[in-house]
Amino acid sequence: MDDIVDLVRRSLADETYGEFTDRVDAQAAELRRAIAAGEFDNEAFSVGLEVELYAINSVPEPPEPEEDDEDAEDDGADAALDDDPGGDGGSAWDGSLEPQSESGGSGASLEPQSESGGSGASLEPEDETPPPDTGDGEAEAESADDDSGEDFGPGEGPSLDVDPDSPLAPDDPEDVEPDEPEPAVEADAEEEDDEPYMEPEEWEGRLTRLPDVVFDGEANKELGLHNAEINTEPNTFDGAGMEVQTTAVEMHTKQARAQAEKQNCELILDAMWTIPPEEGGEAYLSAHEERDGVILADNMRQAPRYVALDNEAVQHAGGAIDFSVPGYEGSFPTILFESLATSIQPHLQIPDTDAFPEYYNAAIRTLGPLLALSVNSPFLPADFYPEDTDGEWLCANTDHELRISAFEQSVNTSENPKVRVPRDIDTVEDVVDRVVADDLFGPFLREWLDESERDTLEDDIWEFDHKRGTYWRWLRCVIGGTPVDGASDERSLRIEYRPLPTQPHVKDMIGLQALTVGLIRGLVVADHPVTELPWVEAERSFYAAASDGLEADLSWVTIHGERTTDHEVIFDEIFRFARLGLEEQDLPEARIDEYLDPIEDRYDAGETPSSWKIDRVRSHLDDGLALEDAMTEMQREYFEHCREHHAFAEWVRDDA
């Protein structure tokens, strides 16, 4: 721990700021030259996805009778894989968008999976035990060597830093041993009869910390001890590539959940937790200590860059960070309240760098409509709200997507807000200039963590990439990255689409991924005049969607160049041009329907996960429950619906 404190103090020293800035400037100049020379042009589009989850505890099951069969343990593991708590056949992605093996193995395959000769990657739950994941041999080796439990690979950053190509190698020096053991997981409490130490109705669904063993599989560490992240490798943006994306999400999520279940935990597909841990939500997020002037949040991963970013933000805020949303006013001593929020982040690689500004600027105009379709976090933890809060008032006035406020307010403490809707760009070099000009948070020098020679592009732009990892716009450019067979080498540019909340099912997340990348592609293919919508209107639409969901006042420009706020017109074009973009990438019509129908169904029904949550809380309030109890009942119903259904649209039909 003392080594972490020392690294953080070095990071925040004046001399580090100067040396780091000089290196970023030099690396940025080389990037501008290489981009202008066409060195970042590639063969084809590619796609990827990041998924964030949180953990809740579950009542321990009675011990299984011992079996003499040597295969009993393997059979139990297979059964756990089949028992998908999300009901959607989901699985976890590998730890980054990096390739996982020479064979491309991350559990997903380009080979046909069905006797009918189709691709077989299905959005439905699997009845058969999935094939074993080939995994990431390199990642497994790192895991085996990691005694501290806090080392992170390149793709294992918090949502503060979640770029999968970040060059920040293991954050903790290899010889660092934590002074104290990681906080115990609530579900690990041992009783003679294996019963929980509190009543089941009090136990079920509470936020819990994840033990390190959960990260031996497909889940990766995140900012909070309760957080996990699942990623796919990038694939070509075509029919085969999207099939691999589907399979990867399903298989990896299933594996990660099975690993968590063994620890009496459940990984949840949700955008914000509302049932707090036993000590209470504010206490959990506020607990910290101070060593030699460095703040160490108890429930944050003790990785140097996390701690450095935390201390930088708190310092800018004057020692405490305020958080204000409808119904709640509070202040926190660390940025950890950012970990309230979980998201999904589609990636779209653009092969023609000259066309990058057109795609980027069009994507900005889609932020409002796509967020409106996906909102899923209308409530903070139930115990945040004062006892005298009027529940009906809260349901009528809360934002539909509190994640936006939580992330912005947790780190927007410097002079220039770091989390916001980005401005349009005129040239692709602008994406380099924006990073250079951004406020500097928690700089590191490569040699602190890696003394090897700089042999790759990733090494050459190490400091620039570190700073880009803290350029927390709702849309940003990833420069450089993983080679994709048939699409790109290590020099590429891609759009990272950041505002979408985690959805209840894998089918919903894959649907939003397809909708996002298909829409951006389709708008450009059609030479759609969407960029004629003034940027200020695109920004306003985004925050309106965060506030009001599908009821938001949105602005759009139609294919005929006409301004409109008519939802029927806007969303007709959203789905129409998404289909066009997917067709342009040779996806079959039947598969496009399978991807987009679940999202289009929720629009047709006028329901989102957020509106469902608000309606359920209202219903429980009408039945006489207090606000905290009404929210708890709603959240447990959410968990049950996740287990019983395959897509959110099914909830709406069942509740009708």
Other residues, nucleotides, ligands: >12 heavy atoms within 6.0 Å of Glu451 CD: no
Side-chain donor or acceptor of Thr413 paired with backbone N/O of Ala313 under 3.5 Å: yes
Tyr471 side chain near Asp439 side chain, heavy-atom distance below 4.5 Å: no
Residue pair Arg494, Leu348: steps toward the side chain to side chain contact (heavy atoms under 4.5 Å, CB included) verdict: CA-CA 5 Å; Arg494 70 174 182 265; Leu348 176 63; 5.9 Å; no
Pairwise distance CZ(Arg521) to CZ(Phe577) - rounded to 0.5 angstrom: 14.0 Å
Trace of the salt bridge (Lys or Arg N to Asp or Glu O under 4.0 Å) decision for Glu15 with Arg10: CA-CA 9 Å; Glu15 55 268 27; Arg10 292 171 68 187; over 6 Å; no
Check: Arg446 side chain, Ser452 main-chain N or O, donor-acceptor pair, under 3.5 Å: yes
Side chain to side chain donor-acceptor pair (under 3.5 Å) assessment of Asn42 paired with Ser488: CA-CA 5 Å; Asn42 282 288; Ser488 66; 4.6 Å; no
Derivation and outcome, salt bridge (Lys or Arg N to Asp or Glu O under 4.0 Å), residues Glu463 and Arg454: CA-CA 12 Å; Glu463 283 80 7; Arg454 299 193 186 221; 3.0 Å; yes
More than 12 heavy atoms from other groups under 6.0 Å of CG on Asp25: yes
Over 12 non-hydrogen atoms of neighbours within 6.0 angstrom of CG in Asn416: yes
Heavy-atom donor-acceptor pair, Glu233 side chain to Gly48 backbone, under 3.5 Å: no
Centroid-centroid under 6.0 Å between His347 and Tyr497 rings: no
Test item: Asn361 side-chain N/O and Ile425 main-chain N/O as donor-acceptor pair under 3.5 Å: yes
Residue pair Pro351 / Glu43, side-chain heavy-atom distance below 4.5 Å: no
Flag side-chain contact, heavy atom, 4.5 Å: Met300 against Ile335: yes
Check: Phe45 ring centroid to Tyr359 ring centroid under 6.0 Å: yes
Minimum side-chain heavy-atom gap Glu458-Trp462 below 4.5 Å: no
Side-chain (Asp430) to main-chain (Thr427) donor-acceptor, under 3.5 angstrom: yes
Flag, side chain of Gln503 to backbone of Ser374, donor-acceptor distance under 3.5 Å: yes
Cationic N near anionic O, under 4.0 Å, Asp465 to Arg468: yes
Test: Arg23 and Glu447 ion pair at under 4.0 Å: yes
Phe237: partners by ring-ring contact (aromatic ring centres under 6.0 Å, His included), with sequence neighbours left out: none
Six-ring centre of Phe20, Lys467 cation under 6.0 angstrom, axis tolerance 45°: no
Cationic N near anionic O, under 4.0 Å, Asp433 to Arg32: yes
Close side-chain approach of Leu269 to Val51, heavy-atom, < 4.5 Å: yes
Nearest heavy-atom neighbours spanning Ala228 and Leu267: CB-CD2, 4.1 Å
With sequence neighbours excluded, residues passing ring-ring contact (aromatic ring centres under 6.0 Å, His included) with Phe356: Tyr360
Full working for side chain to side chain donor-acceptor pair (under 3.5 Å) between Gln349 and Ser46: CA-CA 5 Å; Gln349 180 179 293; Ser46 68; 3.3 Å; yes
Whether Glu312 side chain and Gly442 backbone form a donor-acceptor pair below 3.5 Å: yes
Atom of Thr334, atom of Val314 and distance for their closest heavy-atom approach: CA-CG2, 3.8 Å
Under 3.5 Å: donor-acceptor pair, side chain of Glu50, backbone of Glu229: no
Flag, side chain of Arg365 to backbone of Leu533, donor-acceptor distance under 3.5 Å: yes
Test log, rule side chain to side chain donor-acceptor pair (under 3.5 Å), inputs Trp474 and Glu408: CA-CA 10 Å; Trp474 291 115; Glu408 290 192 345; 2.9 Å; yes
Aromatic plane relationship, His466 with Phe444 - under 30° parallel, 30 to 60° tilted, over 60° perpendicular: perpendicular
Salt-bridge criterion met for Asp438 and Lys418 (N-O under 4.0 Å): yes
Derivation of the side chain to side chain donor-acceptor pair (under 3.5 Å) call for Gln345 and Ser343: CA-CA 7 Å; Gln345 295 162 25; Ser343 65; 3.0 Å; yes
Stacked cation flag Arg403 on Phe407, 6.0 angstrom / 45 deg: no
Evaluation steps, side chain to side chain contact (heavy atoms under 4.5 Å, CB included), between Thr502 and Tyr54: CA-CA 10 Å; Thr502 300; Tyr54 66 80; over 6 Å; no
Donor-acceptor contact below 3.5 Å, side chain Asn311 vs main chain Val307: yes
